[in-house]
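Not measured: the values here are computed from a predicted model. In what follows, every heavy atom counts, from backbone to side chain, and hydrogens, waters and symmetry copies are set aside.
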Amino acid sequence: MNAVASNLPNTLLPDTGEPGFGVYVHWPFCAAKCPYCDFNSHVRHQPVDQARFTAAFLKEMETMRKMSGPKVVTSIFLGGGTPSLMDPSTVEAILNGIARHWNVPDGIEITMEANPSSVEAERFRGYRAAGVNRVSMGVQALNDADLKFLGRLHDVADALKAIRLAREIFPRMSFDLIYARPRQTVEAWEAELKQAISYAVDHLSLYQLTIEEGTPFYGLHKAGKLIVPDDDQSALLYEATQEITARHGMPAYEVSNHAKPGAESRHNLTYWRYGDYAGIGPGAHGRLTRGRNKIATATERRPETWLERVEAEGHGMNDQEVLGYDEQADELLLMGLRLTEGVDLARWQELSGRDPDPVREQTLLEHGFIERLGNSRLRCTPKGMLILDAVVADLAC
């Protein structure tokens, strides 16, 4: 019997509010590279040797288990790339490997990213049988012209079919949309967002289009051939996003993520609450605590090079950096201020060895960019979320 799928409850264990311990597995392959994407994803025109990569994932898990020690896993995330290009048997083997190395209770969140163009009913059911209980789909737009512009291989009809299948098969689902697209008006985005909410999903990830260096969009933007909304228009689109999702019962719990109460992504909460996670696979990052030290891990990005290194050395890590307390405090602040629940001040003070600078904090409070939640937490206001990086930089000084 499948070690992970031996019991497939439709309800999750309750969120304790603790950071937890996650396992992230990176499948680096895609059917096509989107022009806006700077993730570690690669197109291969010959079939990928899934058995060989599976063996390498399992081997790297052994190394990560030695580094982490015994842990109770609170979430698993299969990301990419396009994990839905994996065979269900590959997913099953990976999940069973995680269960052999760490304690995986029944009822934890197990998420797989999927693209509507690369998934069909048989695979959805196979992933569910393997133990996946949440799917996160890269829909990105709900009109065909913008899907073509974004380089997606699916159309709206494919996306809606995939959403219906996911709702039928998985207890929980989410999908992504990208906004602040060229020439996008607030009115057009409002209509598209309301349409998305109407599909009765419990979670939406809504990202502003960003132009990342090294992508095809970057070259077009630099040449003046791709014009994105300016800061004022982007702010209007962001504010409309917050208002509409809140009005429809899916408020933001993080700057770009919206959910019905209780449907927040447990795995992503582990990142934002600054918990530990093992990062396995090409280009995966991790954070593992050993004593009072936190180790930042990063693996080789090129899939075939990573594969050969794991087979030879037992892991593909290029970097294992011991983070000092100041670095940990900065990361805690950077991640935690993205959340509407804010940052645990006592934890930040323990790491940093100080209180927030009273003058800087008072200035941010007076301008309405931050607020205190009693004496225990500090968070950004909706106004502060618009200048999040500046707020973090001020408080970290």
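By the rule that hydrophobic residues join a cluster once side-chain heavy atoms approach within less than 4.5 Å of another member, Ile244 and Val139 end up as members of one cluster. A single hydrophobic cluster is seen to contain both Val91 and Ile169, as judged by linkage of ILVMFWY side chains at heavy-atom distances under 4.5 Å, directly or through other members. The hydrophobic clustering, which links ILVMFWY residues whose side-chain heavy atoms are closer than 4.5 Å, places Ile370 and Leu373 apart.
Here the closest heavy-atom approach between residue Gly151 and residue Pro35 is recorded as CA-CD, 3.8 Å. Residue Pro83 comes nearest to Tyr127 through the heavy atom pair O-OH, 4.3 Å, listed as atom of the first residue, atom of the second, then distance. Shortest non-hydrogen contact noted between Leu209 and Pro182 is CD2-CD, 4.1 Å. Residues Leu147 and Val156 approach most closely at CD1-N, 3.6 Å, considering heavy atoms. In this structure, Leu12 and Asn133 approach most closely via the heavy-atom pair CD2-ND2, 3.9 Å. For the residue pair Phe21 and Leu288, the shortest heavy atom distance occurs at CE1-CD2, 3.9 Å.
The backbone N or O of Ser84 sits nowhere less than 3.5 Å from a side-chain atom of Thr82 that would complete a donor-acceptor pair. At distances below 3.5 Å, not a single donor-acceptor pair connects side-chain atoms of Gln349 with backbone N or O atoms of Arg354. Of the possible polar contacts, one joining the Arg266 side chain to the Leu13 backbone as a donor-acceptor pair under 3.5 Å is found. Between the Asp176 side chain and the Gln140 main chain, no donor and acceptor come within less than 3.5 Å of each other. Between the side chain of Glu321 and the backbone N or O of Leu323 there is no donor-acceptor pair closer than 3.5 Å. In terms of modelled atom types and a separation under 3.5 Å, the side chain of His248 and the main chain of Met250 share no donor-acceptor contact. Between the side chain of Arg167 and the backbone N or O of Tyr199 there is at least one donor-acceptor pair closer than 3.5 Å. Looking only at distances, a side-chain donor or acceptor of Thr381 sits under 3.5 Å from a matching main-chain atom of Gly368. Arg123 places a side-chain N or O within 3.5 Å of a backbone atom of Leu85 that can act as its donor or acceptor partner. No donor-acceptor pair closer than 3.5 Å links the side chain of Ser256 to the backbone N or O of Ser205.
Look at Glu331 and Arg287 and you find a salt bridge, because one of the NZ, NE, NH1 or NH2 atoms lies within 4.0 Å of a carboxylate O, short of that distance. Arg360 and Asp394 are joined by a salt bridge, as a carboxylate oxygen and a charged side-chain nitrogen come within less than 4.0 angstrom of each other. A salt bridge links Arg181 to Asp146: at least one charged side-chain nitrogen sits closer than 4.0 Å to a carboxylate oxygen. Between Glu243 and Arg247 a salt bridge is recorded (basic side-chain N to carboxylate O distance below 4.0 Å). Using a 4.0 Å cut-off between charged nitrogen and carboxylate oxygen, Glu168 and Arg125 count as a salt-bridge pair. Taking 4.0 Å as the cut-off between side-chain N and carboxylate O, Arg273 and Asp344 do not count as a salt-bridged pair. Ion pair Glu264/Arg172 not flagged as a salt bridge, since none of the NZ, NE, NH1 or NH2 atoms sits closer than 4.0 Å to an Asp/Glu carboxylate oxygen. For the pair Asp155 and Lys161, the salt-bridge criterion is not met [side-chain N within less than 4.0 Å of a carboxylate O]. Between Glu300 and Arg302 there is a salt bridge, since a side-chain N of the basic residue sits under 4.0 Å from a carboxylate O of the acidic one. The pair Arg379-Glu371 counts as a salt bridge, with a side-chain nitrogen and a carboxylate oxygen less than 4.0 angstrom apart.
The local environment of CZ in Phe39 is sparse, with at most 12 non-hydrogen atoms from other residues, nucleotides or ligands closer than 6.0 Å. Shown here is Asp230, whose CG atom has more than 12 heavy atoms of other residues, nucleotides or ligands within 6.0 Å. At most 12 non-hydrogen atoms from other residues, nucleotides or ligands lie less than 6.0 angstrom from NZ of Lys222. Atom CG of Asn103 sits in a crowded spot, with more than 12 heavy atoms from other residues, nucleotides or ligands closer than 6.0 Å. More than 12 heavy atoms of other residues, nucleotides or ligands sit less than 6.0 Å from atom NZ of Lys383.
The shortest side-chain heavy-atom distance between Ile108 and Val72 does not fall under the 4.5 Å cut-off. Within the 4.5 Å cutoff, the side chain of Pro251 has no heavy atoms near those of the Gln242 side chain. For the pair Met112/Phe77, no side-chain contact is recorded, criterion being any heavy-atom separation below 4.5 Å from C-beta on. Annotation: side chain of Arg347 is in contact with side chain of Pro19 (closest heavy-atom distance under 4.5 Å). With contacts defined as side-chain heavy-atom distances shorter than 4.5 Å, the pair Ile76/Thr111 does not qualify.
For Tyr238, there are no ring pair (Phe, Tyr, Trp, His ring centres under 6.0 Å) partners at least two apart in sequence or on another chain. Tyr274 pairs by the ring pair (Phe, Tyr, Trp, His ring centres under 6.0 Å) definition with nothing, not counting sequence neighbours.
With ring centers used as reference points, Tyr271 lies under 6.0 Å from Tyr277. Remark: aromatic rings of Phe217 and Phe149 are close, center separation under 6.0 Å. For Phe124 and Phe170, the distance between ring centers is under 6.0 angstrom.
Tested against Leu395 for a side chain to side chain contact (heavy atoms under 4.5 Å, CB included), the candidates Val343, Leu333, Asp357 yield a single pass: Leu333. No option in Arg309, His42, Arg44 other than Arg44 meets the side chain to side chain donor-acceptor pair (under 3.5 Å) test with Glu304. The salt bridge (charged side-chain N to carboxylate O under 4.0 Å, His left out) test with Lys294 singles out one residue from Asp326, Asp330, Asp276, and that residue is Asp276.
Looking only at atom types and distance, the side chain of Gln50 has a donor-acceptor partner in the side chain of Thr90 under 3.5 Å away. With hydrogens and angles left out, the side-chain atoms of His267 and Ser75 include a donor and acceptor closer than 3.5 Å.
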Requested in this report: Give the intermediate values and the outcome of ring-ring contact (aromatic ring centres under 6.0 Å, His included) for residues His203 and Tyr253.
Outcome: CA-CA 10 Å; His203 187 286; Tyr253 68 97; 5.6 Å; yes

Query raised in the report: Does the side-chain hydrogen bond (donor to acceptor under 3.5 Å, both in side chains) test come out yes or no for Asn257 and Arg338, once each step is laid out?
Result: CA-CA 10 Å; Asn257 285 272; Arg338 298 179 65 88; over 6 Å; no

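Between Trp27 and Phe57, the ring planes lie tilted relative to each other; the angle falls in the 30° to 60° range.
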